[in-house]
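Start at 1 with the first residue, then count along the sequence.
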Amino acid sequence: MKKKKRKPIKIITLDTETYNGLLGDLKKIAIYDGKQIYYGNTFNDVQPLLANYNKAGFTVHVYIHNMEFDLRKIWDSIKQEVVWQKSLAINGKMATLYCEQYIFHDSFKLLPMALSKLSKDFEVEHGKLDLWKECQKRYPNEYKNLVDFLDRCPIDNPLFIEYLGYDVISLYEVIEKLIELTGIESEDFVKRVSTASLSRFIFKNGHKGKVFKQPGNTLSDYDYLCSYKWQFDLETEDFIRQSYCGGRTEVFKIVLDHKGKHYDVNSEYPFVCHDKVFPIGKPQFTDKPKIVEYNWCKWLKYRDGLGFLNCTVYIPKQNIPPLPVKMGKLVFPCGVVCGVWTYTELEYAIINCGVKILEYHAMCHFEKTYPIFRNFIEEFYTMKEQATIENNKSKRQFAKLIQNVAYGYTGMKREKSKLIPIDDIGNYSLEDINYIDDQLGFAEVTSVVDSEYIQVQVASYVTSYARLVLLDALRYCDKRGNVYYCDTDSIVTDVPLPDNIIDKTKLGYWDLESEPDRGIFLIPKVYTEREANDTNIKFKGISKETQKTLTFEYYETILKELQDGIKDGRTVEKNKTLLRSILYMQKQSLPNNYYEVRDKKMNYRNAQKRIMHYNENTTEPLYFETLDDFMNFEFKKLPKRVQLDEKTGGIINAT
């Protein structure tokens, strides 16, 4: 029987421009096939070119940067052609959308940054045009801003047409360079829907002839990673998953009023992936306390293998407790707590922080360990360093992207939403069916993924090792001065770190990013630092545009309100436009131009991971006297900290 001949791949890029900024109707559309730009006023104007490539025997792949936005403008023209069971959504947003004659891809999922930055980093010939700068040059004082130009300029304005053309060409050239850098055939490349899936494919299959494996091994590093099939042992996997948590983000002191130091770890996760070994193979699980205690003591003595311990511990009162606990938020408490931890993190806590194990509950032990990612990180770290020397920005950016997502897929959740033909819903229970669209003939269901690369024990150890890198630095600074803030791979302190761990280029070393003169750290992810005339602003949850308008004094105002304790909060962003996903609008039967306008509020009554003493410029970790206190704890709104005189309305107690 002859093998079916594969169709050649044709890559095309597409972009749209609209009236009224993000909210208006389609003004112009353009596609680029690597040779010529085709413009239209509707999707139907350019669709024949896509259809012609399909008729000519090509599999047509259309890349759009931030695809959801553009799909809204052409949805009515394509929705009846969508093959839902082949399409893929990631976190509720379409990553690939299969149609009868072509496949749409969101290039932002592969390259998660603005097209303007991509064009610079990949050094493409037709970089994204600085439209507003060019507009002011050609039409001085004619337009108020960029949105005004895009809205009011004639549909055939030469600059407008040039700008749209540059967008589709630059994206095409970026994708072309990316394919070249990966060394992957086009037919394999188009199946990669995200940076993580691209990184995983290269790890499994090698890079330009180089296979990732240890000298003398017949099995590859990827084979070692997947040596145990967890889809047949989900109960043990769920036990391990309890230990898997992310980076540490905490406020220790609120106001920095003298010279400080802001340090970052160079490529923290790639560093631990490169330097550490990870548990692999078939685990041994026991929930008999005496055997657990015996095996733990045996491990402490001989250090054979790695694993996870479920126990109740006592953590003495200290400013920077060592063990993470998932309580709706990732908390680092003191007192009596219970959890599942990696051997490594628990051992560190016992030796360095006075932690005592009160009760042993269960254990999952792996006899085998292996440096899974060492060769992979070595390849791309070396590539990144060499590219820096050569000033090859595209190669450097590629290497950085690939190594930064080296492990993430190993911790994926197994329960995922997927789209299926409506005829297949009989294969699913009612509780697994999330949505049915009779008109378009598809359903959304919850299914269990059996992917071999989900190895949560590896993901848990990556983040555990990384937290210990951070904890070492935090404890060093806390003993010698003050620590103000930390976030996963960075700390703000007034203590210099030792010279022997400082290097701005070496993997896993600390880099002195800045030396702020003042800082205000309100809550995790909301802070500002001032160094000379430069102000660094961070405010999670609000747009970059709004953050650019914030000042150091704005944070001082919020701090004063938190200290007074009278207000419940404040609106930090007004009239923010929210665009819903295609799937959401389809489920809710909403029009394509649907949007919401919201205000973003900072609620001062939300309880934080640590107890915040804004008037004393200190914070302290949560403390649990008993295990019952720990088990029954939940984060609640904080009460007002003021008491008013009933007669006068004046404040009589502001504690």
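Using a distance-only test at 3.5 Å, with no hydrogens or angles considered, a donor-acceptor pair links the side chain of S194 to the main chain of S197. Formation of a donor-acceptor pair under 3.5 Å by the T195 side chain with backbone atoms of K109 is found in this model. Side-chain atoms of E444 do not come within 3.5 Å of backbone N or O of K418 as any donor-acceptor pair. In this structure a side-chain-to-backbone donor-acceptor pair under 3.5 Å is missing from R467 to L323. A donor-acceptor pair under 3.5 Å links the side-chain atoms of N310 to the main chain of G339, judged by distance alone. The backbone N or O of K416 sits nowhere less than 3.5 Å from a side-chain atom of T446 that would complete a donor-acceptor pair. Looking only at distances, no side-chain donor or acceptor of R598 sits under 3.5 Å from a matching main-chain atom of L578. Side chain of S220 to backbone of K213: no donor-acceptor contact under 3.5 angstrom is found. Without hydrogens or angle criteria, S243 side chain to I240 main chain gives a donor-acceptor distance under 3.5 Å. Using modelled atom types, no side-chain atom of R200 and backbone atom of Y407 make a donor-acceptor pair closer than 3.5 Å.
The two residues C311 and E359 come nearest to each other via the heavy atoms CB-O, 3.1 Å. Smallest separation of non-hydrogen atoms from L497 and C477: CD2-SG, 3.6 Å. The two atoms that bring I377 and L507 nearest to each other are CG2-CD2, 4.2 Å, heavy atoms only. Scanning all heavy atoms of the two residues, the minimum distance from A466 to E268 falls at O-OE2, 3.1 Å. Taking every heavy atom of both residues into account, S199 and V405 meet most closely at CB-CG2, 3.6 Å. A pairwise comparison of heavy atoms in P112 and L401 identifies CD-CD2, 4.3 Å as the closest pair.
In this structure, M94 and L583 have side chains that are in contact, with non-hydrogen atoms separated by less than 4.5 Å. In this structure, T410 and I454 have side chains that are not in contact, with every pair of non-hydrogen atoms separated by 4.5 Å or more. Here the side chains of V255 and L559 are in contact, with some heavy-atom distance below 4.5 Å. Here the side chains of F398 and T182 are in contact, with some heavy-atom distance below 4.5 Å.
The cationic atom of K329 (NZ for Lys, CZ for Arg) lies less than 6.0 Å from the six-membered ring centre of F635 and within 45° of the ring axis. For the pair R480 and Y476, the cation-pi test (distance below 6.0 Å, angle within 45°) is passed.
A side-chain N or O of Y222 and one of E452 form a donor-acceptor pair less than 3.5 Å apart. A donor and an acceptor atom, one from each side chain of S87 and T96, are nowhere located under 3.5 Å apart. If you check the side chains of D472 and Y348, you find a donor sitting under 3.5 Å from an acceptor. Side chains of S464 and E345: a donor on one and an acceptor on the other come within 3.5 Å. Side chain to side chain, Y370 and D221 meet the donor-acceptor criterion of an N or O pair below 3.5 Å. For the residue pair E529 and N536, a side-chain donor N or O sits within less than 3.5 Å of a side-chain acceptor on the partner. Judged by distance alone, the side chains of D487 and S490 never bring a donor and an acceptor atom under 3.5 Å apart. Side-chain N/O atoms of N266 and T505 include no donor and acceptor closer than 3.5 Å.
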> Passes side chain to side chain contact (heavy atoms under 4.5 Å, CB included), L306 versus T342? Steps please.
Replying inline: CA-CA 8 Å; L306 288 171; T342 64; over 6 Å; no

> Which is it for F332 and K609 under the side chain to side chain contact (heavy atoms under 4.5 Å, CB included) test, yes or no, and what are the steps along the way?
Replying inline: CA-CA 8 Å; F332 292 78; K609 301 176 182 182; over 6 Å; no

>> Walk me through whether E625 and Y623 qualify under side chain to side chain contact (heavy atoms under 4.5 Å, CB included).
In response: CA-CA 6 Å; E625 194 72 42; Y623 182 85; 3.4 Å; yes

>> side chain to side chain contact (heavy atoms under 4.5 Å, CB included) for F252 and Y485? Distances and angles first, verdict last.
In response: CA-CA 6 Å; F252 301 103; Y485 184 74; 5.7 Å; no

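More than 12 heavy atoms of other residues, nucleotides or ligands sit less than 6.0 Å from atom CD of E431. Shown here is K368, whose NZ atom has no more than 12 heavy atoms of other residues, nucleotides or ligands within 6.0 Å. Residue E367 qualifies as open at atom CD: its count of foreign heavy atoms under 6.0 Å is 12 or below. Summarising the local packing, CG of N427 is surrounded by more than 12 heavy atoms from other residues, nucleotides or ligands at distances under 6.0 Å. For Y435, the OH atom counts as densely surrounded, since its 6.0 Å shell holds more than 12 non-hydrogen atoms of other residues, nucleotides or ligands. Sparse packing is recorded around CE of M631, with 12 or fewer heavy atoms of other residues, nucleotides or ligands lying under 6.0 Å away. N632 CG: more than 12 foreign heavy atoms inside a 6.0 Å radius.
Below 30°, between 30° and 60°, or above 60°: for F521 and Y484 the angle between ring planes is between 30° and 60°, a tilted geometry. The aromatic rings of W296 and Y343 sit perpendicular, their planes meeting at an angle over 60°, well past the 30° parallel limit. Relative ring orientation between F203 and F373 is described as tilted, the plane-to-plane angle lying within the 30° to 60° band. Ring geometry for Y527 versus H262: interplanar angle of 30 to 60°, hence tilted.
Of the listed residues (K317, Q318, M612, H613), just one forms a side chain to side chain contact (heavy atoms under 4.5 Å, CB included) with E620, and that residue is H613.
Take F201 and apply the ring pair (Phe, Tyr, Trp, His ring centres under 6.0 Å) test, not counting sequence neighbours, and it matches no residue. Listed by chain and number, the residues in a ring pair (Phe, Tyr, Trp, His ring centres under 6.0 Å) with Y228 are W230 (sequence neighbours excluded). Y381 meets the ring pair (Phe, Tyr, Trp, His ring centres under 6.0 Å) test with no other residue; sequence neighbours excluded. Taking E250 as the reference, R248 meet the side-chain hydrogen bond (donor to acceptor under 3.5 Å, both in side chains) condition, with sequence neighbours excluded. K261 pairs by the salt bridge (charged side-chain N to carboxylate O under 4.0 Å, His left out) definition with E515, not counting sequence neighbours.
For an aromatic pair to be called close, the ring centres must be under 6.0 Å apart, and H207 with F212 fails this. Note: Y409 and Y453 meet the aromatic proximity criterion, with ring centroids under 6.0 Å apart. Under the 6.0 Å cut-off for aromatic ring centres, F308 and W341 do not qualify, their centroids lying 6.0 Å or more apart.
With salt bridges taken as basic N to acidic carboxylate O contacts below 4.0 Å, none links E68 and R580. Checked for salt-bridge contact, D568 and R605 meet the test: a charged N lies under 4.0 Å from a carboxylate O. Salt-bridge check for D478 with R475: failed, with every basic side-chain N at 4.0 Å or more from each acidic carboxylate O.
Atom NZ of K504 sits about 9.0 Å away from atom CD of E513, to the nearest 0.5 Å.
Sorted by first then second residue, the salt bridge (Lys or Arg N to Asp or Glu O under 4.0 Å) pairs that include residues 282-302, not counting sequence neighbours, number zero.
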